Amino acid sequence: MTHPFLLTLTRKTVVSTHELLAHLPRAAGGDLKNQLQRASSSVALNLAEASGRHGRDRRRFLDFAMGSARETREGLALLAELGSLDEAQVRALDRQWDRVCAVLYRVMRG
């Protein structure tokens, strides 16, 4: 079973990510916006999938979740560098994603 705190933290962070991306003008990165929405949602969905698995199968879904979290973080950083998103907002959101990754790492090791 995946830690309930991690699921709650991830869900809140995904919602915050989608809220920030909702303000992104389509012309400013529509394809990247869609990819980041899918990647961030994938973190929560893979954690849910992992919760019903055991052993290597569980670890595989946790690995997928970590990869999607890293993809989301990089995509947000790219949008900030391109000037499409406010850097301060992206930094704040990145701290939330960093926390998700840290807790996920502990779950993967535990």
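The model shown is predicted, which means the values in this text are computed figures rather than measured ones. Note that the numbering runs from 1 along the sequence shown for the chain.
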- Exceeds 12 heavy-atom contacts within 6.0 angstrom, atom CZ of Arg60: yes
- Is a side-chain donor or acceptor of Thr10 paired with a backbone partner of Leu7 at a separation under 3.5 angstrom? no
- Distance, nearest 0.5 Å, that separates CG of Asp98 from OG1 of Thr13: 10.5 Å
- Message: Once rounded to the nearest 0.5 Å, what's the spacing between atom SG of Cys101 and atom CZ of Arg106?
- Response: 11.5 Å
- Task: To the nearest 0.5 angstrom, please state how far the CZ atom of Arg59 sits from the CZ atom of Arg53.
- Result: 16.0 Å
- Query: Are Gln35 and Glu71 close enough, and set up right, to give a side chain to side chain contact (heavy atoms under 4.5 Å, CB included), and what steps lead you there?
  - Reply: CA-CA 9 Å; Gln35 185 172 345; Glu71 178 182 1; 2.7 Å; yes
- Task: Write down the atom of Ala44, the atom of Val14, and the distance for their closest heavy-atom approach.
- Result: CB-CG2, 4.5 Å
- What's the shortest heavy-atom distance between Leu47 and Ala65, and which atoms? CD2-CB, 4.0 Å
- Message: Go through it in stages, so that I can follow the logic: the residues are Glu19 and Leu93, the test is side chain to side chain contact (heavy atoms under 4.5 Å, CB included), and I'd like the CA-CA distance, side-chain angles, deciding distance and then a yes or no.
- Response: CA-CA 11 Å; Glu19 288 173 350; Leu93 188 53; over 6 Å; no
- Query: Is there a side-chain contact between Leu78 and Arg73 (heavy atoms, below 4.5 Å)?
  - Reply: no
- Query: Do Phe5 and Phe61 share a hydrophobic cluster, counting only Ile, Leu, Val, Met, Phe, Trp and Tyr and linking them when any side-chain heavy atoms are less than 4.5 Å apart?
  - Reply: no
- Note on the structure: Distance col, row Thr72:OG1 vs Arg38:CZ, nearest 0.5 angstrom, shows 11.0 Å
- Could you walk me through whether Val100 and Gln96 pass the side chain to side chain contact (heavy atoms under 4.5 Å, CB included) check? CA-CA 6 Å; Val100 168; Gln96 290 179 332; 5.8 Å; no
- Report yes if the side chains of Leu104 and Met108 come closer than 4.5 Å at any heavy-atom pair, otherwise no. yes
- Task: Compare every heavy atom of Ser84 with every heavy atom of Leu24, then report the nearest pair and how far apart it is.
- Result: CD1-O, 3.4 Å
- Task: Any chance you could measure Arg56, atom CZ, to Asp63, atom CG, to the nearest 0.5 Å?
- Result: 12.0 Å
- State the CZ-CG distance between Arg109 and Leu62, to the nearest 0.5 angstrom. 10.0 Å
- Provide the closest heavy-atom pair for Ala48 versus Ser51 in the form atom of the first, atom of the second, distance. O-OG, 2.6 Å
- Message: Restricting to non-hydrogen atoms, name the atom on Leu32 and the atom on Gly75 that form the minimum distance, rounded to 0.1 Å.
- Response: CD2-O, 4.1 Å
- Query: Listed by chain and number, what are the side chain to side chain contact (heavy atoms under 4.5 Å, CB included) partners of Gln37, not counting sequence neighbours?
  - Reply: His18, Leu21, Lys33, Asn34
- Charged N to carboxylate O below 4.0 Å: is that the case for Glu74 and Arg70? no
- Note on the structure: Quick note, ring pair (Phe, Tyr, Trp, His ring centres under 6.0 Å) partners involving residues 71-110, not counting sequence neighbours, are none
- Residues forming a side chain to side chain contact (heavy atoms under 4.5 Å, CB included) with Ser42, sequence neighbours excluded: Asn46, Ser68
- Query: Val90 and Ala77: which non-hydrogen atoms are nearest, and at how many Å?
  - Reply: CG1-N, 4.2 Å
